[in-house]
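Below, read A as the first sequence line, B as the second, and so on, with proteins coming before strands; counting in each chain starts at 1.
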Amino acid sequence: MIAGIKDIESEISNILNEFEIQDSVEIRYSNIENTDIQCNNLVRYSNAPNINEIKEKLEKSLLANPFIENIEIAENGFINLNFSNEYLKKFSKNHNERIISPKKESMLFDYGGPNIGKDLHVGHIRTLNIGRSLYNIFKLAGHDVISDIHLGDWGMPIGLILAYIEKESIDINSLSYIDLEIIYPKASELSASSKDFYKEAQEISKKLNSKNEEYLSKWKIIYNLAIPNIKNLLQSLNYEFDLWRGESDVVEEVKTVVADAQEKNLVVEDDGALVSTEKEDPPILITKSDGSYLYLTTDLGTVVHREKNQKCDKYIYVVDSRQRNHFEQVFKTVKHFNLSSSSFIHVGFGTVNGPDKKPFKTRDGNVYKLSKLHEDIKEKLKKYNSNEKVLNVLTNTVLTFSDLLPNRNQNYEFDLEKFTDINGKTGVYIQYAQVRAQKLLSSKVEIIDTNIDNEYNLDERKLLLLLSKFDYFYNQSLNNYQPHHLAEYLYSLCQTFNSFYANNKIFSNDTPDEIKLKRIEIVDNFYNLTGLIFSCLGIKLVDSM
RNA sequence: GCUCUCGUAGCUCAAAUGGAUAGAGCAACAGACUUCUAAUCUGUAGGUUAUAGGUUCGAGUCCUAUCGAGAGCGCCA
């Protein structure tokens, strides 16, 4: 995973082989001060009788490598190495050329998942940010990626809305989007207290499934009311999708999935409901006792629909961890019903918590809307810039960077005050650092001497070394579906750059031309890589602050 | 009750899937501005990685138990 060290690894491996030590040699970055990389394979053999001979041979051979400038083998067998300037110069740039995957795959990213009638709220930012980031990361590696927002535009929620409209005799044609937002929570609440109302909603939902024209046209009205609003909001937040499919697109597939399973005896009846024949505890429920469909059924239909329309090698679902069991059931059933031979991955994540350490509620109607959060962040950022365009990018940066920084497996606390500060691990800080770099690169200077100085001071070397580590963090994010590795790395890059910036003046009169050239190249490398990581995370650059 | 996820500095979070002395950011304290924007930078202090065992050259990471937190447990999505 470390760029450009394969030769060094095989060199060590060869030498160890000569002494009849057969290990798969691995070099890793070192935490030890003044050591760049280390190899631990020799540790287990530190008591071997010919250890001194091995050490001698290793030292001699490794020092001849142009990428290595210093070698030290500790008493206990750790092989500590330092990179040469040649290595640092070469691997601190052109990163995007090195991360192309040798095996190209097609992948569908299912994320976002907004529901009709329910406004996007704070709880949606993780699926949006993580989904978009993974999409960008895999795209950068050369994979064929496609994103699908997977709208919640069918089933019981729609039944509830339509039942409520009917019950309250609301004129559906004069309905506005704002009315819709009010209706859903009320309908949801009513369904919990009134069994009759719940049954009515269920009936409507069933009729929709059998293409009842009256309800279908009402559904369409609601759909057309909701979708443009969702699109506008997401666009302003810089989220884009290749596909805007929803549950309503797979109604036919859901029916055929169930029918086929029945025909192949993959389901059995239980209290009127259909249950998968797979031995599971609890059993996997395919249809309700009244014959209507469930969340799981819809997801199975979606798989069939995708297999038919945009078959992929991998399907990646970015949905919160509470639905882990659900996806286990979906994926098992996909295999059991033989719906697809592709691989299915659930990328889960924890909740976004408020200051009270509790997640923002989604169904009590009293939610923190995403649009409101955007406004609140923007308000805080006004002290940094008054330009509306810059302010919007900055706001989206905070909304994304703060969210991608923690490991997705854990819950985290959203602290508005903290996240909008320029001091600290924040979106504002990283934007400020790259703006500084931009400014330096745009400065027009007369440089006469064209020699580049190839010796590096401590600040320069530290930055170059960190720049060369991109491949590692990129692969961590890619292999584990965890963007936070890149987010953390980006911050440390910016921090190291700011330190370099403060201690190494480029355009001062007592800086010789060859040093100016060298430093401008370093700044250029920093700026290019920063831009690359920004795009991986789904963040746009501001050009001033 | 069963099953997952997790417990790291006062607070918010990292840590290569087993490597040497566990790192950042806030907050606290002490410094650096006639500056390529100090909107920044540099120090100091802060830890028995929930607890107790185990596995081995080596454990925050793996195994067992206990305590504590959050989540999920057929007819919502």
Determine the interatomic distance between [atom1] on [N] and the same-named atom on [M]; round to the nearest Å.
{"N": "B:rU42", "M": "B:rA50", "atom1": "C1'", "value": "36 Å"}
{"N": "B:rU49", "M": "B:rC62", "atom1": "P", "value": "16 Å"}
{"N": "B:rG10", "M": "B:rC67", "atom1": "C1'", "value": "22 Å"}

Reckon [X] touches a base, only the sugar-phosphate, or nothing at all at heavy-atom distances under 4.0 Å?
{"X": "A:N40", "answer": "base"}
{"X": "A:V428", "answer": "nothing"}
{"X": "A:K357", "answer": "sugar-phosphate"}

Of the listed nucleotides ([options]), which one gets closest to any side-chain atom of [X]?
{"X": "A:E247", "options": "B:rC13, B:rA77, B:rA24", "value": "B:rA77"}
{"X": "A:E26", "options": "B:rU17, B:rU5, B:rU42", "value": "B:rU17"}
{"X": "A:K425", "options": "B:rC13, B:rA24, B:rC4", "value": "B:rA24"}
{"X": "A:Y295", "options": "B:rA77, B:rG74, B:rC36", "value": "B:rA77"}
{"X": "A:Q476", "options": "B:rA14, B:rG25, B:rA16", "value": "B:rA16"}
{"X": "A:N480", "options": "B:rU12, B:rU17, B:rG25", "value": "B:rU17"}
{"X": "A:H485", "options": "B:rA15, B:rA77, B:rA20", "value": "B:rA15"}

Compare side-chain N and O positions of [X] against OP1 and OP2 of [N] and report whether any pair is under 4.0 Å apart.
{"X": "A:S499", "N": "B:rU42", "value": "yes"}
{"X": "A:Y429", "N": "B:rC41", "value": "yes"}
{"X": "A:Q495", "N": "B:rA24", "value": "no"}
{"X": "A:N76", "N": "B:rC57", "value": "no"}
{"X": "A:R28", "N": "B:rU17", "value": "yes"}
{"X": "A:H326", "N": "B:rC73", "value": "no"}
{"X": "A:Q38", "N": "B:rA16", "value": "no"}

Counter-base of [N], judged by Watson-Crick or G-U geometry with both distances under 3.5 Å:
{"N": "B:rU49", "value": "none"}
{"N": "B:rU56", "value": "none"}
{"N": "B:rU44", "value": "B:rA28"}
{"N": "B:rG1", "value": "B:rC73"}
{"N": "B:rG18", "value": "none"}
{"N": "B:rC6", "value": "B:rG68"}

Notebook entry, point to check: Can the ring centroids of A:F331 and A:Y317 be said to lie less than 6.0 angstrom from one another?
Noted result: yes

Next item on the list: Would you give the length of the straight line joining atom NZ of A:K118 to atom CD of A:E181, rounded to the nearest 0.5 angstrom?
Entry: 12.5 Å

Next item on the list: Take the protein atom OH of A:Y489 and the nucleotide atom P of B:rA16, then report the distance between them rounded to whole Å.
Entry: 17 Å

Checklist line | Parallel, tilted or perpendicular, as decided by the 30° and 60° cut-offs, for the rings of A:Y429 and A:Y491 | finding: tilted

Item checked: Mutual orientation of the aromatic rings belonging to A:Y295 and A:F327 [parallel < 30°, tilted 30-60°, perpendicular > 60°] -> perpendicular

Checklist line | Modelled atom types, side-chain donor and acceptor of A:T397 and A:Q431, under 3.5 Å | finding: yes

